[in-house]
Amino acid sequence: MTGTKEEREANRKAFKEMSFDDKLKYIVAYYKLPIFTACVVIFVLGSTIYRNLTKKDVVLYTAYGNVVFGEDLDKKLTTDYLDYAEKNPKKEEILVYYDLYLAENPSGEDHQYAYASKLKVLGAISAKQLDLILMNEEACRQMSASGLLLDLSFIQEYDASLYSQLQPYLLKNTVILDDNSIEYSLGEAEEYEASTEEVVNAIDLTTFPVFQNAEINKDLCIAVIANSTHIEEDISYIDYLLNTAE
């Protein structure tokens, strides 16, 4: 409050004599900016504190490609696994990328959705925020051809017993090592040529107990992303699907 001592005293006296409503109007009129600033600061601080208190550690990043699961099955694939792995659901979580559409040759009306899904997958992989993907055969072929899936022989080094159990369910897919797709698309090559190899990089899930009563009417598999940062958790999750989840 500025002015001479007498003016400040007069203003204080006048303020005391105001009604409650008039005092509120006076405060709002003369102190709007400080009040607004204080409210913003309080909101930001509150939001930051809330996020820090409620933020959960991601123990595993998974994705559903070309498959949709009901609420009960999704629970078995997420929170039930946390219980199995003795995680704290209040502090830890499985982050899932839902409703991804991965197609080799999407139709015109689906092209934009497929493109957006592809960008989401590539972005997550680039950020090392994707470990496992549950998908159908078409999505698996596409992911494999692009070299995005890990050779599953690594499981043998961590858990030879589990790898032996998985033998009947292991799937081979083609990985493109090199090709002339750019030259071919530009008309600079008459034929498409590619150097490929067959790699065991997916697991058939269709007969796993957890999916038996889920009314999954098409092929279903799981694969580990090539640059996954939660390898031991990946193996634990696969073991859970094969031997525990029902």
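Heavy-atom basis, side chains included; hydrogens, waters and symmetry copies ignored. Everything quoted here is computed from the prediction, not taken from an experiment.
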>> Suppose we screen for side chain to side chain contact (heavy atoms under 4.5 Å, CB included). Which residues come up paired with Leu171, at least two apart in sequence or across chains?
In response: Asn173, Ala202, Asp204, Cys221

> If we only count heavy atoms from C-beta on, is the Leu241 to Tyr81 side-chain gap below 4.5 Å?
Replying inline: no

>> Just verifying a value: how many Å separate Leu134 CG and Leu100 CG, rounded to the nearest 0.5 Å?
In response: 11.0 Å

> So how far is it from His111 NE2 to Lys118 NZ, rounded to the nearest 0.5 Å?
Replying inline: 8.5 Å

>> Under 4.5 Å between side-chain heavy atoms, counting indirect links through other Ile/Leu/Val/Met/Phe/Trp/Tyr residues: same cluster for Leu73 and Leu205 or not?
In response: yes

>> Quick one, Met143 and Leu102 - any side-chain contact, counting heavy atoms below 4.5 Å?
In response: yes

> Transitively linked via ILVMFWY side-chain contacts under 4.5 Å: Tyr98 with Val121?
Replying inline: no

>> Within the 4.5 Å heavy-atom criterion, are Thr62 and Ile133 side-chain neighbours or not?
In response: no

> Partners of Thr174 by side chain to side chain contact (heavy atoms under 4.5 Å, CB included), sequence neighbours excluded?
Replying inline: Thr196, Glu198

> Within the distance-only criterion (no hydrogens, no angle test), does the side chain of Ser117 pair as donor or acceptor with the backbone N or O of Tyr101 below 3.5 angstrom?
Replying inline: yes

>> Looking at Gln142 and Ala103, would you say the former's side chain and the latter's main chain have a donor-acceptor pair under 3.5 Å?
In response: yes

> Which pairs with one or both residues in residues 126-138 pass side-chain hydrogen bond (donor to acceptor under 3.5 Å, both in side chains), sequence neighbours excluded?
Replying inline: Asn66-Asn136, Asp131-Ser228, Asp131-His230, Glu137-Arg141

> Transitively linked via ILVMFWY side-chain contacts under 4.5 Å: Leu132 with Leu152?
Replying inline: yes

>> Apply the hydrophobic cluster definition, ILVMFWY joined by side-chain contacts under 4.5 Å directly or through others, and give me every member besides Tyr115.
In response: Leu119

> Which pairs pass salt bridge (Lys or Arg N to Asp or Glu O under 4.0 Å) with one or both residues in residues 228-238, sequence neighbours excluded?
Replying inline: Lys87-Glu233

>> Do Ile94 and Leu77 have side chains that approach each other closer than 4.5 Å (heavy atoms only, starting at C-beta)?
In response: no

> Sequence neighbours excluded, which residues qualify as side chain to side chain donor-acceptor pair (under 3.5 Å) partners of Ser153?
Replying inline: Asp151

> Can you find a pair of side-chain heavy atoms, one from Tyr237 and one from Leu242, that are under 4.5 Å apart?
Replying inline: no

> Taking atom types as modelled, is there a side-chain donor on Tyr64 or Asp74 under 3.5 Å from an acceptor on the other?
Replying inline: yes

>> One pair to check against side chain to side chain contact (heavy atoms under 4.5 Å, CB included): Leu149 and Val224. What are the steps and the verdict?
In response: CA-CA 6 Å; Leu149 306 181; Val224 180; over 6 Å; no

> Who passes ring-ring contact (aromatic ring centres under 6.0 Å, His included) against Tyr61, sequence neighbours left out?
Replying inline: none

>> Set out, in order, the CA-CA distance, both residues' side-chain angles and the distance that settles ring-ring contact (aromatic ring centres under 6.0 Å, His included) for Phe208 and Phe211, then state yes or no.
In response: CA-CA 6 Å; Phe208 279 28; Phe211 301 103; 7.2 Å; no

>> Going by side chain to side chain donor-acceptor pair (under 3.5 Å), name the residues that satisfy it together with Ser144, two or more places apart in sequence or in a different chain.
In response: Asn201

> How many angstroms lie between OG1 in Thr229 and CD1 in Ile225, if you round to the nearest 0.5 Å?
Replying inline: 11.5 Å

Quiz: residues 155-164 side-chain donor-acceptor pairs under 3.5 angstrom, not counting sequence neighbours:
residue	atom	partner	partner atom	Å
Asp159	OD1	Ser161	N	3.3
Asp159	OD1	Leu162	N	3.0

> Is there a side-chain contact between Leu177 and Glu197 (heavy atoms, below 4.5 Å)?
Replying inline: yes

> Excluding sequence neighbours, so at least two apart, what forms ring-ring contact (aromatic ring centres under 6.0 Å, His included) with Phe154?
Replying inline: none

>> Does any part of the side chain of Ile235, heavy atoms only, come nearer than 4.5 Å to the side chain of Ile231, both counted from C-beta?
In response: yes

> Can you list the residues that meet the ring-ring contact (aromatic ring centres under 6.0 Å, His included) rule with Tyr97, with sequence neighbours excluded?
Replying inline: none

> Would Ile238 end up clustered with Phe69 when hydrophobic side chains under 4.5 Å apart are linked, directly or stepwise?
Replying inline: yes

> Hey, are the side chains of Ile203 and Leu166 touching, using non-hydrogen atoms and a 4.5 Å cut-off?
Replying inline: yes

> Would Met135 and Ile222 show up in the same hydrophobic cluster when neighbours are defined by side-chain heavy atoms closer than 4.5 Å?
Replying inline: no

> If you take all heavy atoms of Val200 and Leu170, which pair is closest and at what distance?
Replying inline: CG1-CB, 3.7 Å

>> What I want to check is whether the side chains of Asp239 and Gln165 have a donor and an acceptor closer together than 3.5 Å.
In response: no

>> Looking at Pro89, is its backbone amide N or carbonyl O close enough to the side chain of Lys56 to form a donor-acceptor pair, meaning the two atoms are under 3.5 Å apart?
In response: yes

> Mind checking what makes side chain to side chain donor-acceptor pair (under 3.5 Å) contact with Lys91, not counting sequence neighbours?
Replying inline: none

